Structure formats: structure tokens, C-alpha cells
Amino acid sequence: MKPGIPKGTRDFSPAEMIRRNHVFDVIKVVFRKFGFEEIETPSMENLSTLEGKYGEEGDKLLFRILNSGPVIDQIREKQDSIRQSDITEKGLRYDLTVPFARYVVMHQNEITFPFRRYQIQPVWRADRPQKGRYREFYQCDADVIGSTSLFNEVELIRIIDEVFRTLIIGITIKLNNRKILAGIAEVIEAPDKLIDITVALDKLDKIGQDKVNEELISKGISQKAIDKIQPLLLLHGSNAEKLEALKKFLQGSQIGMKGIEEMELIFNILKKIDPDFKLPELDISLARGLNYYTGAIIEVKTHDKRSSFTSSICGGGRYDDLTGIFGLPNVSGVGISFGADRICDVLDEVNGYPDFSGGTTRILFVNFGMDEAMHCLRIVNQLRDDGIAAELYPDAAKMKKQMSYADAKKIPYVALIGMDEMTRGEIAIKNMKSGEQSIVSLNELLHILK
RNA sequence: GUGAUUGUAGCUCAGUUGGUUAGAGCGCCUGAUUGUGGUUCAGGAGGUCGUGGGUUCGAGCCCCAUCAUUCACCCCA
């Protein structure tokens, strides 16, 4: 049969893994530096955990896992009486936030709050793949749960800044607040249309003012409300200017004013701890489809001209009651999620990876036959004990073949120990880059490779 | 779920209005060089042209179906 892998999934070869690990390592180091602790959760969750948390669209994108057992046969016999739970009751995780909320509720008695956790694992979405969109991809999440302080939002923004500064990717952080969006819906007297309004606003950059209005009409929002909303679509200028205009607009809305207050506080704290910090950009068209956000909404995009990426490479926000669904109310959390795969794609486009040209193995021992190989293996072990990656070519193949292997694997040194070297207790080593060859002792070899 | 796109060697791709035996570059293997890779030279292997059907004297090329790919919409990391 012809081998293949499912749509939207990928194999990662050694060269790619080196690059991917670089991204994961940078993110991990920053997470730890900010005091976050790592957890993992299962790839699959009960459907009851996942369903209804990601909106209508999200439910459709859940990968459901077929129950094991004789169900399949039974389906063929009695199609009518089948319930969904007979067929499937588990699904692959769609993100890391909802499983985390579930984890927090289940482990509430062992957790010290506020809990700063990070989690780096794959998630699955039954989306149709396209540029930067995969059906299996890694999220790198950092969340603080059990604290309503806006210092947490500030910390997360600083994490974003540090990660992308380390990776050398130019970014724009966009910030919005669900309370401002709720305030807008309140002011135009269409509070039940909040989701429709935010989704339409999210497209402002992409499709423009007229099309947004068309979409609002099609969603059944009154002309009067749409007229009222127009000044918001024209919002521009600095954060301060936007905030002034919003304050005017949201005067009558308590929740809206609360959102503005939060936003201002975040900006002020950021400015105070570092006057040079490039502040996030206030963007009311930023909605984030996820239903559970209640406060700050964060999104990050590259602005590197060499990258054609327009989708977000990091996103997040505050959720006031995600644990409530699982029976633990009044625990607020806020988190961000780095899209590692998209970050890798951006780095590929801008050629932004450091030089990884040196291979993993530092020295290859040429195999001249049984006796020589045994002798080499003892030296190899001594090198390994000193933490040096070394290998012996497994077969007594032709020199050319063994040298080509070292070359292909970019191994910097090759050791040649034939009968002569063996009896004299010498090691002939060749520097593969310069081509120079020399005779050394084991101690000298250790010194060179250290 | 909707709309397009592309499918030819391991990889990237050429292939004329339908016309003999389907090509190139890179990679791979062998030798020049039995203890020396990366350079050079000589040679070699490798293809059910995505799959199934149809039109035709004749199909890589045209038609239909199907699968896969990539991209856009929806939505999202």
C-alpha cells in the first residue's frame, strides 16, 4: 500500500526538529523565568468537557474519537436507536485552555493559587488546512488562574515581548477588552448581538467599513444601531485618542467604562515599569471568536515585511468563569497561547533561525573491522562519559562511504584508528572543515572536542 | 461546509495543435582513488505520467468521475 499521513498533519525530520526545538526552548525559558510551572493533560478529553466551549463553529471542528467495542457492528443493525454517546464520547483537545480549566477544578485542593502554569502540547482541529493552518499543531500556553489583578495581563504582555525579541521577530501586539465590546452592544441597544457585532468588527481591516455594515444588516441589527456604531468604525489615531473617543461613546455603559478603565491601567503599568516599552495597540476590531473571554483580549501579528503571514501567531485573553462550567465558580484566569507552528513558518520565511549547521554528533569513528571497532568503542564510551556526542560507524564499509556519511551528517571530526594507530595507542583525527589531519592522544582529543 | 488550483523520477520542474522509445537539474549508486568526505571526470539505476473510465487509428496532453495537494472564504494558533 501507498504510505501517507492524514490531511493537515506533518512529519518533522531532524533538520526541522532542530528549528522547532529552538522555538520551543525560547518560549519555555521565558515562561520559566516568569515563574510558570509546567503541566501536561491528555490528548483526548471527554466530549462533555470540550463541547459548547468554542462556539458553534468550534464544535464542528472537534475531532471525535470513535468508541472502541462492538458499537460499529451494532450501528449496522439498528441505526434508529443510536445515540451520539454510543458512538463517540471522547474528542481530541481543541486547545489547552479548556483542558486546563478542567484540570484546575479536578486538582483544586492540591493547587496553590494564584497558579501560574505553562503547557506545551499539540492540539487538533478538523479544519480544512491552508497556509499556516494545520489539523495538528502545537500551542504553548501560559495562564495565571485565581487572580483578577491586571498585573497578570501586564506580565503576559511582557512575556510576549520577550519571546519575540529573543526570536528576533518584529511584532505588533493588539489589545482589546470584551467589556468594551459589551458596552458597545449595550449603547446601541443590541446586547444579544454581541457575538455578531464582534465578529463583524473583526473583519474591519480585511473587508472595510461598507462590507462590515452589510454584514451587520444581514445579522438582523437595526439600521438605527448601525448608524450609531459608525463613529467606532472610523476610530483612529493613538491609543489615547481612541480611548477618549470611546469614553464619549460608552458614557452610558457601566461595563463599557470598566473595560476602558482596565485598558488604561494596563497601559499605565506597562509605561511605568519601562518607559521605552512599545505599548500594545488598542484595536476594537479585535474580537477573538472564543466565547469564554470576558476581559482583555490579546492578539499578536508579525509586521516583518518579508513575511506573508497575516494570521495571528499568538493570542489570548481573560476568562472570568471558565472553571464555573466544571463546578468551581468565581475563579478568574488570564492566559496567552503561542502558535509554535506559525512562528516556525514565519522564521522560515524571514530566514530568522540561528545557524544550526553543526551536526549533533561531534566525532565519528571510522570502522576498519572487528578488532579496530572494539578498540574505538572503548574510546567512544570515554568521550560519551565526558558528555561528548560520539559514534562509531556500524559497518566496516568502504572509507569513502564512511567519510560521506560524516559529511552528510555535518560531523566536524572523524577519527581514524587502524591497526597502526591501535598498536601505537594513537588517534588520527581529521578536521572535516579544514581537511587537516593530525595524530593525537586521548587526552588531547578530549581537549579538542570540549 | 463553499469556491478555485495543481498532480510527470527520491526532490524541483520541462514536455509544442494529441503523433515513434517521456526529458532536465539536483540527489542516489558505481568507478577514476583497496586508508580519506566536500571539488572534478566517466558511467549507471530509477516513471503503472495520482487512480478509474471515456473520446481517438493514436492520450502525459482532450472529456467525465474519483482521490490527493495547495490556496481563498467561514473560522482560527
Side-chain angles (χ1 to χ4, degrees), chain A residues 2-10 13 23 27 54-62 93-97 120-141 160 195 198-200 202-203 206-207 211 215 286-291 293 297-302 308-317 335-346 357 359 364 366-369 372 393 396-422 428-437:
Chain A
K2 210 165 39 177
I5 55 174
K7 193 191 299 231
T9 64
R10 294 156 300 158
S13 297
V23 171
I27 293 171
Y54 307 109
E56 209 180 306
E57 201 67 31
D59 274 0
K60 277 192 236 160
L61 300 180
L62 283 176
R93 70 167 105 72
Y94 180 92
D95 73 355
L96 300 178
T97 310
I120 297 176
Q121 289 188 276
V123 303
W124 294 268
R125 294 183 189 177
D127 230 344
R128 198 177 282 202
Q130 53 183 280
K131 189 181 171 69
R133 175 170 303 183
Y134 307 99
R135 297 182 116 180
E136 176 181 65
F137 60 96
Y138 273 76
Q139 290 195 329
C140 313
D141 277 36
I160 292 170
I195 302 268
T198 55
V199 168
D202 199 21
K203 295 178 193 162
K206 232 186 232 172
I207 62 178
K211 288 272 163 85
E215 176 154 336
L286 175 65
R288 299 286 84 212
L290 296 182
N291 286 352
Y293 290 130
I297 305 171
I298 304 165
E299 181 175 276
V300 180
K301 291 183 172 181
T302 350
S308 60
F309 251 79
T310 52
S311 39
S312 63
I313 51 178
C314 178
I336 49 169
S337 178
F338 290 86
D341 303 79
R342 286 183 176 178
I343 292 171
C344 290
D345 288 344
V346 170
S357 58
L364 173 80
V366 171
N367 187 328
F368 284 107
E372 295 93 330
Y393 196 88
K398 285 182 182 160
M399 264 298 264
K400 185 187 169 85
K401 175 117 178 134
Q402 302 195 39
M403 295 299 285
S404 302
Y405 173 84
D407 193 50
K409 279 189 72 175
K410 298 191 165 67
I411 297 171
Y413 292 98
V414 170
L416 303 121
I417 308 176
M419 262 315 161
D420 292 352
E421 286 87 353
M422 212 173 120
I429 64 158
K430 174 161 180 163
N431 179 324
M432 292 297 276
K433 201 167 180 188
S434 66
E436 282 166 23
Q437 206 162 308

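Small disclaimer: the values here were computed from a predicted structure and weren't measured. Letters go in sequence order (proteins before strands), and every chain restarts at 1.
When each of B:C75, B:G35, B:C76 is scored by its nearest atom to the side-chain atoms of A:E57, the top-ranked nucleotide is B:C75. Minimum atom distance to the side chain of A:R342 is reached by B:C76, of the listed B:G35, B:C74, B:C76. Distances from the side chain of A:Q130 to the nucleotides B:C75, B:U36, B:C74 place B:C74 closest. Looking at the side chain of A:K398, the nearest of the listed nucleotides B:U36, B:C74, B:G31 is B:G31.
Rounded to whole Å, the separation between the C1' atoms of B:G18 and B:U69 comes to 27 Å. Taking atom P on both B:G3 and B:A65, the two are 13 Å apart, rounded to the nearest angstrom. Comparing the P positions of B:G52 and B:C71 gives a spacing of 28 Å, expressed to the nearest Å. Comparing the same atom, P, in B:G60 and in B:G50 gives a spacing of 10 Å after rounding to whole Å. Using atom P as the reference point in both B:A42 and B:U51, the two lie 35 Å apart (nearest Å). Here, B:A22 and B:C74 have their P atoms 48 Å apart, quoted to the whole Å.
As rounded to whole Å, 17 Å separates atom C1' of B:C76 from atom CD of A:E136. If you measure from atom CD of A:E299 to atom P of B:C75, you get 13 Å, rounded to the nearest angstrom. Distance CZ (A:R125) to C1' (B:C76): 6 Å, rounded to an integer number of Å. Atom NZ in A:K60 sits about 17 Å away from atom P in B:C73, given to the nearest Å.
At a threshold of 4.0 angstrom between heavy atoms, the contacts of A:I313 are confined to the sugar-phosphate backbone, with no base atom among them. Contacts of A:K131 with the nucleic acid, taken as non-hydrogen atoms under 4.0 Å apart, involve only primed sugar atoms and P, OP1 or OP2. Among the atoms of the strands shown, none is found under 4.0 Å from any heavy atom of A:G58. Within the nucleic acid shown, A:E421 comes within 4.0 Å of at least one base atom, counting heavy atoms only. Across all strands, A:Y134 comes closer than 4.0 Å to base atoms (heavy-atom distances).
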Test log, rule side-chain contact (heavy atoms from CB on, under 4.5 Å), inputs A:V414 and A:Q402: CA-CA 9 Å; A:V414 170; A:Q402 302 195 39; over 6 Å; no
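The pairing partner recorded for B:C49 is none, the criterion being a Watson-Crick or G-U wobble arrangement whose two distances lie under 3.5 angstrom. Judged by Watson-Crick or G-U wobble contacts below 3.5 Å, the nucleotide B:G25 has B:C11 as its partner.
Using a distance-only test at 3.5 Å, with no hydrogens or angles considered, a donor-acceptor pair links the side chain of A:E421 to the main chain of A:G418. A:N367 places a side-chain N or O within donor-acceptor distance of the main-chain N or O of A:Y393, the cut-off being under 3.5 Å. For the pair A:R342 (side chain) and A:S312 (backbone), a donor-acceptor distance under 3.5 Å is present. Remark: the backbone N or O of A:W124 is not paired with any side-chain donor or acceptor of A:R135 at under 3.5 angstrom.
Ring-to-base geometry places A:F137 in a stacked arrangement with B:A77 (centre distance under 5.5 Å, plane angle under 30°).
Nearest-nucleotide assignment on RNA chain B puts the 5′-proximal partner with A:K401, out of A:I417 and A:K401. Ranked by how close their nearest RNA chain B nucleotide is to the 5' end, A:P129 and A:L416 are led by A:L416.
The line from CZ of A:F368 to CG of A:D420 is 10.0 Å long, rounded to the nearest 0.5 Å.
Donor-acceptor pairing under 3.5 Å, judged by distance alone, is present between the side chain of A:D407 and the base of B:G37. Judged by atom type and distance alone, A:R133 reaches the base of B:C75 through a side-chain donor-acceptor pair under 3.5 Å. For A:Q437 and B:U36, a side-chain-to-base donor-acceptor distance below 3.5 Å is present, hydrogens and geometry of angles not being considered. No hydrogens or angles were tested; on distance alone, a donor-acceptor pair under 3.5 Å links the side chain of A:R128 to the base of B:U2. Applying the 3.5 Å distance criterion, the base of B:U36 shares no donor-acceptor pair with the side chain of A:K400.
Under 4.0 angstrom from either OP1 or OP2 of B:A77 there lies no side-chain N or O belonging to A:Q139. Distances shown here put every side-chain N or O of A:K410 at or beyond 4.0 Å from the OP1 or OP2 atom of B:G37.
At most 12 heavy atoms of other shown residues, nucleotides or ligands fall within 6.0 angstrom of atom NZ in A:K211.
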